[in-house]
There are 2 protein chains.
Amino acid sequence: MPTNKKKTQVTASPERRRELLATAAEVFAAHGYNATTVRKIADEAGLLAGSLYYHFDSKESMLDEILSTFLDELWEGYDAVLAAGLGPRETIEALVTESFREIDRHRAAVAIYQKESKHLVALPRFQYLADSQQKFEKAWLGTLERGVAAHAFRADLDIRLTYRFVRDTVWVAASWYRPGGGHSPEEIARQYLSMVLDGIAVRT
Amino acid sequence: MPTNKKKTQVTASPERRRELLATAAEVFAAHGYNATTVRKIADEAGLLAGSLYYHFDSKESMLDEILSTFLDELWEGYDAVLAAGLGPRETIEALVTESFREIDRHRAAVAIYQKESKHLVALPRFQYLADSQQKFEKAWLGTLERGVAAHAFRADLDIRLTYRFVRDTVWVAASWYRPGGGHSPEEIARQYLSMVLDGIAVRT
DNA sequence: ATCCTTCCCTAACAAGTGTTTGGTAGGTTA
DNA sequence: TAACCTACCAAACACTTGTTAGGGAAGGAT
């Protein structure tokens, strides 16, 4: 959650920044960060490569700003859920629903995060990714443990495995989810929760 | 399943090829295909960049060979399962178990497939990726539908959403799975199936 | 009219990219 | 010994990469 200070040596309007970051995020998500040239971003945005450096001081800083603003918003939602004092099952439900809402709002950023965070975590500049991941694990794993203790969740499952499955399946949805594509985030969350909580098999 | 013909203008020993492909796959999986330079692969393998071109005719052809051999082996296993004439639930169980076995055997290739297949599908050279995905969807979706018809699986879930969830959750495991890390593929499959089929909530 | 700020362009840079060409050490075969 | 093959190296190639420097057009403020 404590992300980076955004020092840009420029007077620029924040509106234009957001526009450019949005198209950059789109391209990053579509082709991957490394495969994305700064010229391709500029092309998509309708200006020349060098002109991007009026708004940002490097390609990496664009990525940085995309990811950090996404994580800031994500934790705003998560913290609200965690502070609500819900029971374990209700907390899981709220976290999942909130996650799908974030995917809806930051589809590109989530896709980038999914693909690149594994390498970026090593870089000092992206330290906040490691922090976020740790906080993330603590929240989810803690809730699952609380649920097992309260006999809301089964005790015979490996809790770390369960955590990984739940976590990954939520976020990979960003790779196929398209806003306005028939399913609302809440609808997807409902279906997903129904499957994870109750299973897909018919109860006998 | 019908993959590429492997024309390499060289008399080379297939043993050395497999060695080099294995290290290339490792590097691709760790840093991503585009971020991986051919010099880094050569470095890791203990030779110079140009020497790789004695064994392969391009960086892309290495990727091609890695993915196609993986998919060939995968479909060998899948086809055997699908031809066994099992019931829907047993088919799902067998497919999931087989998938985790493939992740165990081809961890690097699966990780690469996960990250890169989305872009590669567009390239004519990797047409077989699209074919495989279609066949994959047909097998899984068909089995799920069969299960719903036979009252083995719940009828109130969106079957396409369920398919995506199940599919993704299986394969993302490649991002954290490490062979010889406490959990065998069969153990992971068992836990995963228990969760997906019966849910994590306590039955009331 | 002058100045200043904002936003972009032109043109180039140094480094790194995948790939090719020609050569060569060392073992195998004739 | 001579010819040959395998597997590599050394050095360069053409191109792409992220980034920078200097300039200029448009418009508001003075």
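Chain identifiers are assigned alphabetically (A, B, ...) following the order of the sequence lines, protein sequences preceding nucleic acid strands; residue numbering begins at 1 within each chain. Note that these values count all heavy atoms, side chains included, but never hydrogens, waters or copies made by symmetry.
Toward the 5′ end of DNA chain D lies the nearest nucleotide of A:A35, the other residue of the pair A:S51 and A:A35 mapping further downstream. In terms of position along DNA chain C, the nucleotide closest to A:A49 lies nearer the 5' end than the nucleotide closest to the other residue of the pair A:A49 and B:S58.
Whole-Å rounding puts the B:Y54 OH to C:dG23 C1' distance at 15 Å. Nucleotide D:dG18 holds its P atom 12 Å from the CD atom of A:E60, rounded to whole Å. The separation between A:F56 atom CZ and C:dC7 atom C1' is 13 Å, rounded to whole Å. If you take NE2 of B:H55 and C1' of D:dC9, they are 12 Å apart, rounded to a whole angstrom. Atom CG of A:N34 is separated from atom P of C:dT17 by 11 Å (rounded to the nearest Å). The distance between atom CZ of A:R16 and atom P of C:dT5, rounded to the nearest whole Å, is 21 Å.
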Exercise for the section: Might you work through the salt bridge (Lys or Arg N to Asp or Glu O under 4.0 Å) test for B:E93 and B:R190, ending with a clear yes or no? Expected result: CA-CA 8 Å; B:E93 289 175 349; B:R190 218 176 44 74; over 6 Å; no
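Within the structure, every side-chain polar atom (N or O) of B:Y53 is placed at least 4.0 Å from both OP1 and OP2 of C:dT20.
Within the 4.0 angstrom heavy-atom criterion, base atoms lie near A:L48. A:T36 comes within 4.0 angstrom of the backbone, heavy atoms only, and of no base.
Residue side chain A:R39 reaches the base of D:dG18 through a donor-acceptor N/O pair under 3.5 Å, judged by distance alone.
With respect to B:E73 and B:R101, no salt bridge is recorded, no charged nitrogen being found less than 4.0 Å from a carboxylate O.
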